[in-house]
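Some notes on the structure that comes next.
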Amino acid sequence: MNFIEKWLSLQIDLGSFDSRAAIWSFAAKMSFRAVILACIFSLAGLPLLYAFGILTLSVSEAVKLSVAFSWLFGGAVSGALALVTGGVIRDLAVSRAEFERLSQTDALSGLSNRRAFNDALDSVQGEASLAIIDIDRFKAINDRFGHHSGDMVIRGVSDILREVFHDCHVVARLGGEEFGVIICGGGIAQRLALVERARMLVAARGIDCQGQVVSVTISAGVAEFVVDRRSECVYARADNALYLAKGEGRDRVLHEQSMIFDDPRDVADETDYARAVFGAVPMRS
């Protein structure tokens, strides 16, 4: 029985059922294997049928009949079942892919969520910058125009960030009015220019909230991924640069060079450094 199970097994992978052609191929393979198996069993049973006098046909006729019935019933039935099974597996594969996408997508903004951002943060390789972006005076927007308008502001800013950074960079809503962007490739000046362009577009366009244009600005802190610098430290430095941008009047982009420490490796323990930075940063608005 184990041999039969291994022989019938097609090593089904949900990712392989991505088209109708793949389903038909799966059904054809299942039908062929079922026919071969049915032929073996039917031919093996012929001696018993002759021994008990159940079968009176000649051997050649009995063999032909066994093969015909194997193709008719074994092939047709197994093929039909395989088509249905393949369709179900394909639907499951699509559902799984959609579930995985939704599990890493922020429902309000349509951007990546914090979970996807954290995964990307830990897998950064090569030259890249991290920008932590915050909508200025967001609480005042909610208080004046209402939370529905606040949601529309978040969507509007998200659309601009998506427009500026495209799919080659990771753009995520980290929660509330805060966003994170992992900017890959190019030089530091080019990456900073992208953040600056996003800031200028937000300030220039404003956000349409039910027919009323709300003036919005953003502030951003930027830090660099460098060799031997942990992602937690990069995040802490970008976050502290954002805090300084808020303190200097908002609506601006500040690089990590504006921070107190020249380099995180000057601190004996980066964990203590990150704790010190976060502990020194009050709530922003």
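Small disclaimer: the values here were computed from a predicted structure and weren't measured. The first residue of the sequence shown is numbered 1, and numbering continues consecutively from there. Note: hydrogens, waters and symmetry copies are ignored here, and every other heavy atom, side chains too, is used.
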Original post:
With no hydrogens and no angle check, do the side chains of T217 and D136 hold a donor and an acceptor under 3.5 Å apart?
Top reply: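 Distance-only check passes for T217 and D136.
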Original post:
Do the side-chain N and O atoms of S129 and E224 include a donor-acceptor pair separated by under 3.5 angstrom?
Top reply: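 On atom types as modelled, these side chains qualify, holding a pair under 3.5 Å.
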How about [X] and [Y]: do any of their side-chain heavy atoms sit closer than 4.5 Å?
X: V226; Y: E127; value: no
X: D134; Y: I218; value: no
X: D119; Y: Q104; value: yes
X: N113; Y: T105; value: no
X: I188; Y: H255; value: yes
X: F145; Y: Q212; value: yes
X: V216; Y: V157; value: yes
X: V170; Y: V181; value: no

Treating [X] as the side-chain partner and [Y] as the backbone partner, does any N or O pair qualify as donor plus acceptor under 3.5 Å?
X: R114; Y: F117; value: no
X: S219; Y: D251; value: yes
X: R252; Y: R250; value: yes
X: R191; Y: G186; value: yes
X: H169; Y: H166; value: no
X: E178; Y: G175; value: no

**OP:** Take R197 and E163 through the side chain to side chain contact (heavy atoms under 4.5 Å, CB included) test and state the conclusion after the steps.
**Re:** CA-CA 10 Å; R197 179 167 179 262; E163 173 188 337; 4.2 Å; yes
Do you know which two heavy atoms are closest between [X] and [Y], and how far apart they sit?
X: M152; Y: D208; answer: CE-O, 3.4 Å
X: A128; Y: C184; answer: CB-CA, 4.2 Å
X: A220; Y: V195; answer: CB-CG1, 3.7 Å
X: I154; Y: S109; answer: CG2-CB, 4.4 Å
X: V214; Y: C209; answer: CG2-SG, 3.7 Å

Does one hydrophobic cluster hold both [X] and [Y], with members joined at side-chain heavy-atom distances below 4.5 Å?
X: I160; Y: V171; answer: yes
X: L174; Y: V124; answer: yes
X: I207; Y: M200; answer: no

Subject >> side-chain hydrogen bond (donor to acceptor under 3.5 Å, both in side chains) partners of E196, counting only residues at least two apart >> reply: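 With neighbours one apart ignored, the set is R199.
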Subject >> Stepwise salt bridge (Lys or Arg N to Asp or Glu O under 4.0 Å) test for R229 and E256 >> reply: CA-CA 13 Å; R229 180 184 288 181; E256 62 177 328; 2.9 Å; yes
Subject >> Salt-bridge criterion met for K139 and D143 (N-O under 4.0 Å) >> reply: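 D143 and K139: salt-bridged.
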From [X] [atom1] over to [Y] [atom2], what is the distance, rounded to the nearest 0.5 angstrom?
X: F165; Y: L194; atom1: CZ; atom2: CG; answer: 5.5 Å
X: R155; Y: L111; atom1: CZ; atom2: CG; answer: 11.5 Å
X: D228; Y: C233; atom1: CG; atom2: SG; answer: 11.5 Å
X: S231; Y: N118; atom1: OG; atom2: CG; answer: 8.5 Å
X: F225; Y: R230; atom1: CZ; atom2: CZ; answer: 13.5 Å

Original post:
Checking side chain to side chain contact (heavy atoms under 4.5 Å, CB included) for the pair I135/V202: CA distance, chi angles, key distance, verdict?
Top reply: CA-CA 10 Å; I135 301 175; V202 170; over 6 Å; no
**OP:** Evaluate the side chain to side chain contact (heavy atoms under 4.5 Å, CB included) criterion for residues L161 and F179: first the C-alpha distance (whole Å), next the side-chain angles of each, then the deciding distance (0.1 Å), finally the verdict.
**Re:** CA-CA 9 Å; L161 294 179; F179 303 85; 3.7 Å; yes
**OP:** Determine, step by step, whether L254 and L242 satisfy the side chain to side chain contact (heavy atoms under 4.5 Å, CB included) criterion, reporting the C-alpha distance in whole Å, the side-chain angles of both residues, the deciding distance to 0.1 Å, and the verdict.
**Re:** CA-CA 7 Å; L254 286 185; L242 170 61; over 6 Å; no
Subject >> Neighbour count >12 (heavy atoms, 6.0 Å) for atom CG, D122 >> reply: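 Yes, the 6.0 Å shell around CG holds more than 12 heavy atoms from other groups.
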